[in-house]
Number of protein chains: 4
Amino acid sequence: MSINSNSHVPIFRQIAEHIRTGISAGIYQPDEMLPSLRALALELVVNPNTIQRAYEELEREGLVYSRRGLGLFVARQAVRSARSQSQDDVEKAFADGIRLARSAGLPDDEIRHVFSKSLARKMDKTGGKS
Amino acid sequence: MSINSNSHVPIFRQIAEHIRTGISAGIYQPDEMLPSLRALALELVVNPNTIQRAYEELEREGLVYSRRGLGLFVARQAVRSARSQSQDDVEKAFADGIRLARSAGLPDDEIRHVFSKSLARKMDKTGGKS
Amino acid sequence: MSINSNSHVPIFRQIAEHIRTGISAGIYQPDEMLPSLRALALELVVNPNTIQRAYEELEREGLVYSRRGLGLFVARQAVRSARSQSQDDVEKAFADGIRLARSAGLPDDEIRHVFSKSLARKMDKTGGKS
Amino acid sequence: MSINSNSHVPIFRQIAEHIRTGISAGIYQPDEMLPSLRALALELVVNPNTIQRAYEELEREGLVYSRRGLGLFVARQAVRSARSQSQDDVEKAFADGIRLARSAGLPDDEIRHVFSKSLARKMDKTGGKS
DNA sequence: GTGGTCTAGACCACA
DNA sequence: GTGGTCTAGACCACG
């Protein structure tokens, strides 16, 4: 898990997304304990408060539940939620691109072409919008 | 030209995008003068500083050049630049969505499907707080 | 507006509740700007971050919307939301009391009696559960 | 006796409440010995420290007294105390709800209505994360 | 040890 | 000036 502290996307949101992805991909199983605030803070070299904020967001989304004195745990229904949440994010990104393309006057065929080109270009470390 | 002050996209960026689009579409011709800071600020009812910032962004991109005491003018090579710039933005948005989708474990077929769905959904108030 | 920093209810939640109440009661009108983070922080003698957290909660609930560089504003549909939110809180408190009463073996008639007694005793500064 | 470890009510407080209820209902008689720390900890599958904390709370309230080396015993005046303590808690919860309702501008009639609604809704999984 | 809240103070993005 | 994020460090409640 890596953090891009130059991105305009807040660190705590990047962390939340990472964990969301992890749950969605089955790396964290339901009722399994997540890394503790302090542990993860040390690992990612960020302030524990920042981790806390990420976990807060996930708890609000119902993906995890916290037990004070014990730790944070993956919720039962988390996998479904995480997946739909991830898909929403994807759709939002696509919608944004489509909006941009349209306002630049590109016809739908052209837009589809650009997309296919992007999809073909696999795994090329596209970084954040720094 | 309209500004959505509820969007989370900064106003100065919305303005810059509008002008970029205008250049790309031929509404503003090379060596034509752009509206003055004050004029545009009055028209859009925004702070002149905000217009200034938008113009700075365009100047940095080489789309416009300023003549002290005269105003801002569309650069000769602007049309090409504007188009490639727009396309870059589009590609970046798509690449971002694809990255998200892949890290959530979606296969390419599924990604393409999600995209098609987004593309089909035409112009339905996409200006929301993106 | 007063804060009880001895209560077990977090300060930021107390503040959020106060403002929620204010919106519900019409003290803050739709599209009106709320006190700025720093202004309210000075007034209540708490850290701006704490105010920020309260405002964040309200924004999540859809009661207010923020415009960076401008301020926070009351949402249009806020009055309805605030009222239903307040009512939820009330119901939760009552449900809690009823649960306690039942586990102590009080019959419903008796519970109703205790409640009426509480309701009769007006405005007696009952403070938080310090 | 059952513990809801998902509730936001601390476990030690749940235990204390259970015992208080038991005393109030006559399940534990004056001068009768309560289960030992270890026994109860094993039965409820919680940390002995947590039981200890619950017992401390009861001792502070004067409901039980400890005899070094022997165990904890129900105090003579415990039944009365437990009942009044329970009733206090109930009243406090009600007062809290009433305060909230009033500050939101609900008239007393409406408050009474909300309460009746809560009272009617019987025992439907009220153990949620209160 | 765990999570939760708060303060102080800094820096950024935006209008 | 506004809101938003982050760090450092403290203290509390809980198990």
Side-chain angles (χ1 to χ4, degrees), chain A residues 3 5-15 33-41 44-56 59 64-73, chain B residues 3 5 7-15 41 44-54 56-57, chain C residues 3 5-15 33-41 44-56 59 64-73, chain D residues 3 5 7-15 41 44-54 56-57:
Chain A
I3 296 303
S5 58
N6 280 12
S7 165
H8 280 181
V9 179
I11 294 177
F12 78 89
R13 210 170 288 281
Q14 292 181 47
I15 295 172
M33 185 180 158
L34 291 171
S36 83
L37 289 184
R38 292 157 181 84
L40 194 51
L44 301 180
V45 199
V46 297
N47 191 292
N49 284 334
T50 304
I51 308 285
Q52 156 74 5
R53 260 189 106 174
Y55 278 175
E56 227 176 288
E59 190 168 9
V64 308
Y65 59 92
S66 68
R67 288 201 201 154
R68 198 185 305 217
L70 288 179
L72 264 101
F73 302 84
Chain B
I3 296 302
S5 62
S7 163
H8 278 186
V9 178
I11 291 177
F12 83 89
R13 206 171 289 279
Q14 291 184 46
I15 294 172
L44 301 180
V45 199
V46 298
N47 192 309
N49 289 335
T50 306
I51 309 287
Q52 166 71 11
R53 231 173 139 169
E56 271 168 13
E57 182 156 300
Chain C
I3 296 303
S5 58
N6 281 11
S7 165
H8 279 182
V9 179
I11 294 179
F12 78 89
R13 210 170 287 281
Q14 291 182 47
I15 295 172
M33 185 181 157
L34 290 170
S36 83
L37 289 183
R38 292 157 180 83
L40 195 52
L44 300 181
V45 200
V46 296
N47 191 291
N49 283 335
T50 305
I51 308 286
Q52 156 74 4
R53 260 189 107 173
Y55 278 174
E56 227 176 290
E59 191 169 7
V64 308
Y65 60 92
S66 69
R67 288 199 201 157
R68 198 188 303 222
L70 288 178
L72 264 102
F73 302 84
Chain D
I3 296 302
S5 62
S7 162
H8 278 186
V9 178
I11 291 178
F12 83 88
R13 206 171 291 280
Q14 292 184 44
I15 295 172
L44 301 180
V45 197
V46 297
N47 191 310
N49 288 336
T50 306
I51 309 285
Q52 166 72 11
R53 234 176 138 165
E56 270 168 14
E57 183 158 298

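Naming convention: chains lettered A, B, ... in sequence-line order (proteins, then strands); numbering from 1 in each chain. Below, each value reflects all heavy atoms present in this structure, side chains not excepted, and no hydrogens, waters or symmetry copies.
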Any donor-acceptor pair under 3.5 Å joining the side chain of Asn49(A) to the base of dG9(F)?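 Present.
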Pair of N/O donor and acceptor under 3.5 Å linking dG3(E) base with Arg38(A) side chain: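 Result: at least one qualifying N/O pair found.
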Looking only at heavy atoms, which two atoms of [X] and [Y] are closest? And how far apart?
| X | Y | value |
| --- | --- | --- |
| Leu70(A) | Met33(A) | O-CE, 3.5 Å |
| Ser66(A) | Glu59(A) | OG-OE2, 3.1 Å |
| Leu40(C) | Pro35(C) | CB-CB, 4.2 Å |
| Gln14(C) | Ser7(C) | NE2-CB, 3.8 Å |
| Phe12(D) | Glu57(D) | CE1-OE1, 3.3 Å |
| Val9(C) | Arg13(C) | CG1-CB, 4.1 Å |

Distance in angstrom units between [X] [atom1] and [N] [atom2], rounded:
| X | N | atom1 | atom2 | answer |
| --- | --- | --- | --- | --- |
| Phe73(C) | dT2(F) | CZ | P | 11 Å |
| Glu56(B) | dA13(E) | CD | C1' | 14 Å |
| Arg53(B) | dA15(E) | CZ | P | 7 Å |
| Asn6(C) | dT5(E) | CG | P | 17 Å |
| Glu59(C) | dG3(F) | CD | P | 11 Å |
| Gln14(B) | dC14(E) | CD | P | 12 Å |
| His8(B) | dG4(F) | NE2 | P | 8 Å |
| Ile15(A) | dT5(F) | CD1 | C1' | 12 Å |

When you measure from the side-chain N and O atoms of Ser66(C) to the phosphate of dG4(F), is any distance below 4.0 Å, counting only OP1 and OP2?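 Yes.
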Would you indicate, yes or no, if dT5(F) has its OP1 or OP2 atom less than 4.0 angstrom from a side-chain nitrogen or oxygen of Thr50(A)?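 Looking at the OP1 and OP2 atoms of dT5(F), neither is under 4.0 Å from any side-chain N or O of Thr50(A).
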Contact nearer the 5' end of DNA chain F, comparing Tyr55(C) with Ile11(A):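 This one resolves to Tyr55(C).
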Check whether any side-chain heavy atom of Ser36(A) sits under 4.5 Å from a side-chain heavy atom of Tyr55(A), and report yes or no.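 Ser36(A) does not reach Tyr55(A) side chain to side chain.
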May I ask you to test the Leu44(B)-Ile11(B) pair for a side-chain heavy-atom distance under 4.5 Å?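 A side-chain contact is absent here, since even the closest heavy-atom pair is not under 4.5 Å.
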With respect to the side chain of [X], which nucleotide from [options] is positioned closest?
| X | options | value |
| --- | --- | --- |
| Arg68(C) | dA15(E), dG3(F), dG15(F) | dG3(F) |
| Phe12(A) | dT5(F), dA15(E), dG3(F) | dT5(F) |
| Pro10(B) | dG15(F), dC6(E), dC14(E) | dC14(E) |
| Ser36(A) | dT7(E), dC14(E), dT2(E) | dT2(E) |

Under 4.0 Å, heavy atoms only, any strand: does Val46(A) hit a base, just the sugar-phosphate, or nothing?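 Sugar-phosphate contact only.
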Sugar-phosphate, base or nothing in reach of Asn47(A), heavy atoms under 4.0 Å: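 The answer is base, as Asn47(A) lies within the cut-off (heavy atoms under 4.0 Å) of a base atom.
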When Watson-Crick pairs (N1 to N3 and N6-O4 or O6-N4) and G-U wobble pairs (N1-O2 and O6-N3) count only below 3.5 Å on both distances, what is the dot-bracket string of DNA chain E, with | for other-strand pairs? ||||||||||||||.
